[in-house]
Amino acid sequence: MNKLIIAAGTGFLGQVLVHHFKNKFDEIVILTRGKSQSIDGIKYVNWNARTFSGWEKELENATVLINLAGKSVDCRYTEKNKKEILLSRIESTKILNKAVLNCQNPPRHWLNSSTATIYRYSLDKQMDETDGEIGNNFSINVALSWEKAFFKTETPKTLKTALRTSIVLGKNGGALIPLKTLAKIGFGGKQGKGNQFVSWIHEDDFANAIDFIIEKEITDVINIVSPEPIRNIDFMQKLRKAVGFPFGIPMNKFFLEIGSFIIRTETELVLKSRNVVPKRLLENEFQFKFDTLEKALQNLI
């Protein structure tokens with residue numbers, strides 16, 4: 001493969017992908033809000049994710065474009081932050097649509113971030129791409145607007161795939177780091193009622209799934225999750241075992257609300273039941289390296 005563009009590729013997921021693809025592409029370009037430079041054979045090009053400034057020329061003759069841009073949802077949902085969460089996703093997707101259409105030889109395949117949070121809170125039904133039921137709240141409506149902005153512009157020469165990604169577990173970033181810290185100091189008990197499902201994926205399977213989607217030219221929406229959603233109470237129990245801590249103090253919703261306020265985040269991130277499964281990956285015979293949480297934690301901790 002020739003050229004990979006990763007928009008907003010300096011964060012945790014971007015670096016997971018760079019590590020995975022660094023020997024599979026002749027050239028990797030990261031669109032970043034930082035300065036333009038080259039480091040270890042990777043080209044970093046400045047962009048503001050809203051307007052053209054020269055970065056758009058990098059898309060010419062690219063093989064694959066992956067867009068990870070969007071303000072982190074790990075914050076308090078103030079009106080200001082909610083606006084930034086929405087606009088950072090919509091504006092970056094819209095300007096990339098314009099850039100792709102302006103290319104003489106646009107990227108052959110564009111994979112755009114989305115989220116497994118798009119499905120409703122579910123303690124019963126497993127949500128797949130065919131029969132999954134979309135919910136209605138702030139986070140879900142952001143996801144819907146994001147995917148609409150992505151798909152509504154037709155790009156005849158460029159395949160499009162929306163990545164409905166769950167919590168990605170990694171050694172050096174993502175949700176596992178703070179959860180592991182909590183478990184090690186004795187606060188690794190269930191969160192809230194503990195019956196809510198957690199949909200997750202190991203960082204290696206995340207990167208392998210992206211690679212697989214590119215190779216198989218899978219388009220439309222696809223769930224990037226492990227095959228086995230797990231209840232929060234069981235997730236935390238397996239995490240305690242992995243870090244070698246014998247007990248975990250449970251955190252009820254009241255204490256979670258206080259803690260979330262102190263660290264400037266929202267309880268929805270741990271209390272929503274995301275019961276999501278990777279139907280399309282499995283139908284296409286994708287092989288998970290870490291299909292159970294035990295395997296994932298054994299590798300990561």
Inter-residue atom distance I6.CD1 - I30.CD1, 0.5 Å rounding | 4.0 Å

Least distance between heavy atoms, H20 atom then N208 atom | CE1-OD1, 3.0 Å

Just by distance, do the side chain of T219 and the backbone of L159 share a donor-acceptor pair under 3.5 Å?
-> no

Answer whether the closest heavy-atom distance between the side chains of E84 and K71 falls below 4.5 Å.
-> yes

Evaluate side chain to side chain contact (heavy atoms under 4.5 Å, CB included) for I42 paired with E27, printing each intermediate quantity in order.
-> CA-CA 7 Å; I42 309 295; E27 185 180 3; over 6 Å; no

Give, for atom NZ of K184 and atom CG of L179, the distance between the pair rounded to the nearest 0.5 Å.
-> 12.5 Å

Mind listing the closest non-hydrogen atom pair of S273 and L123 along with its distance?
-> OG-CD2, 3.5 Å

With side chains defined as the heavy atoms from C-beta onward, is the minimum distance between I66 and L17 less than 4.5 Å?
-> yes

Would you call L176 and L239 a side-chain contact if the rule is heavy atoms closer than 4.5 Å?
-> yes

Where the side chain of T158 meets the backbone of T155, is there a donor-acceptor pair that is under 3.5 Å apart?
-> no

Tell me who clusters with F52, hydrophobic residues only, linked when side chains sit under 4.5 Å apart either directly or through other members.
-> I5, V29, L31, V45, W47, W55, L59, L65, I95, L96, V100, W110, F150, F151, V221

Nearest-0.5 Å distance, CD1 of residue I185 to NZ of residue K180 | 13.5 Å

Do V277 and N223 touch side chain to side chain, with heavy atoms closer than 4.5 Å?
-> no

Between K82 and E79, does at least one N-O distance fall below 4.0 Å, as a salt bridge requires?
-> yes

Can you check whether E91's main-chain N or O pairs, donor with acceptor, with R50's side chain at less than 3.5 Å?
-> no

So, R280 side chain and I222 main chain: donor-acceptor pair closer than 3.5 Å or not?
-> no

Say whether, by atom type as modelled, one donor and one acceptor occur between the side chain of N81 and the main chain of Y77 under 3.5 angstrom.
-> no

Here the pair of heavy atoms bringing Y121 nearest to N195 is OH-OD1, 4.4 Å

Has K98 got more than 12 heavy atoms of other residues, nucleotides or ligands less than 6.0 Å from its NZ?
-> no

For the residue pair I210 and I214, establish whether any side-chain heavy-atom pair is separated by less than 4.5 Å.
-> yes

Passes side chain to side chain contact (heavy atoms under 4.5 Å, CB included), S113 versus N67? Steps please.
-> CA-CA 6 Å; S113 286; N67 177 29; 6.0 Å; no

Is the shortest side-chain N to carboxylate O distance from K289 to D204 below 4.0 Å?
-> yes

Could you check R274 against S166 for side chain to side chain donor-acceptor pair (under 3.5 Å), going step by step and ending with a plain yes or no?
-> CA-CA 8 Å; R274 297 170 178 84; S166 62; over 6 Å; no

Are I233 and F247 linked, directly or through other ILVMFWY residues, by side chains that come within less than 4.5 angstrom of each other?
-> no

Report, as yes or no, whether the 6.0 Å neighbourhood of atom NZ on K43 holds more than 12 heavy atoms from other residues, nucleotides or ligands.
-> no

Lys/Arg N to Asp/Glu carboxylate O, K238 vs D234, below 4.0 Å | no

Taken to the nearest 0.5 Å, the spacing of M251 CE from N232 CG works out to 11.5 Å

Same cluster for V168 and W146 if Ile/Leu/Val/Met/Phe/Trp/Tyr side chains link at under 4.5 Å?
-> no

Are N141 and S139 close enough that a side-chain donor and a side-chain acceptor fall under 3.5 Å?
-> no

Measure the shortest side-chain to side-chain distance between D291 and D205 over non-hydrogen atoms and say whether it is less than 4.5 angstrom.
-> no

Would you call F138 and I140 a side-chain contact if the rule is heavy atoms closer than 4.5 Å?
-> no

Determine yes or no for a side-chain-to-main-chain donor-acceptor pair under 3.5 angstrom, with K3 supplying the side chain and E58 the backbone.
-> yes

Would you confirm whether N46, through its side chain, and S36, through its main-chain N or O, come within 3.5 Å as a donor-acceptor pair?
-> no

Distance-only donor-acceptor check, side chains N275 and Y119, under 3.5 Å | no

Under the ring-ring contact (aromatic ring centres under 6.0 Å, His included) rule, what pairs show up with a residue in residues 172-209, not counting sequence neighbours?
-> H202-F290

Return the minimal non-hydrogen interatomic distance between L169 and F12, and the atom names on each side.
-> C-CZ, 4.5 Å

Hey, is R108 close enough to E217 for a salt bridge, meaning N to O under 4.0 Å?
-> no

Under the side chain to side chain contact (heavy atoms under 4.5 Å, CB included) criterion, do R231 and Q196 qualify, and how do the steps go?
-> CA-CA 5 Å; R231 292 193 186 273; Q196 69 272 29; over 6 Å; no

hydrophobic_cluster_shared for L13 and Y44, side chain cutoff 4.5 Å | yes

What distance do I218 atom CD1 and H109 atom NE2 have between them, rounded to the nearest 0.5 Å?
-> 8.5 Å

Give a yes or no on whether I301 and I177 share a hydrophobic cluster (residues Ile, Leu, Val, Met, Phe, Trp, Tyr; joining criterion: side-chain heavy atoms under 4.5 Å apart).
-> no

Within the side chain of S199, is there an N or O that forms a donor-acceptor pair under 3.5 Å with the backbone of V276?
-> yes

Give a yes or no on this: more than 12 heavy atoms of other residues, nucleotides or ligands lie within 6.0 Å of atom NZ of K193.
-> no

Hey, does Q104 have a side-chain heavy atom less than 4.5 Å from the side chain of E60?
-> yes

Short question: side chain of R240, backbone of G188 - any donor-acceptor pair under 3.5 Å?
-> yes

Atom CG of N105: over 12 foreign heavy atoms under 6.0 Å = yes

Heavy-atom neighbours of K241 NZ exceed 12 at 6.0 Å = no

Quick one: closest heavy-atom pair of S145 and L86, and the distance?
-> CB-CD1, 3.9 Å

Taken to the nearest 0.5 Å, the spacing of I134 CD1 from I118 CD1 works out to 4.5 Å

Among the clusters formed by ILVMFWY side chains lying less than 4.5 Å apart, do V243 and L297 turn up in the same one?
-> yes

Which pair of non-hydrogen atoms, one from P229 and one from Q126, has the smallest distance, and what is that distance?
-> CD-NE2, 4.0 Å

With no hydrogens and no angle check, do the side chains of N97 and K160 hold a donor and an acceptor under 3.5 Å apart?
-> yes

Applying salt bridge (charged side-chain N to carboxylate O under 4.0 Å, His left out), which residue pairs with at least one partner in residues 130-155 are found, sequence neighbours left out?
-> R120-E133, K125-E133, E147-R164

For N284, does the CG atom have more than 12 heavy-atom neighbours from other residues, nucleotides or ligands under 6.0 Å away?
-> yes

Judged by atom type as modelled, is there a donor-acceptor pair below 3.5 Å linking the side chain of D128 to the main-chain atoms of T130?
-> yes

Quick one: do L281 and K216 satisfy side chain to side chain contact (heavy atoms under 4.5 Å, CB included)? Show the steps, please.
-> CA-CA 10 Å; L281 281 176; K216 297 286 187 182; over 6 Å; no

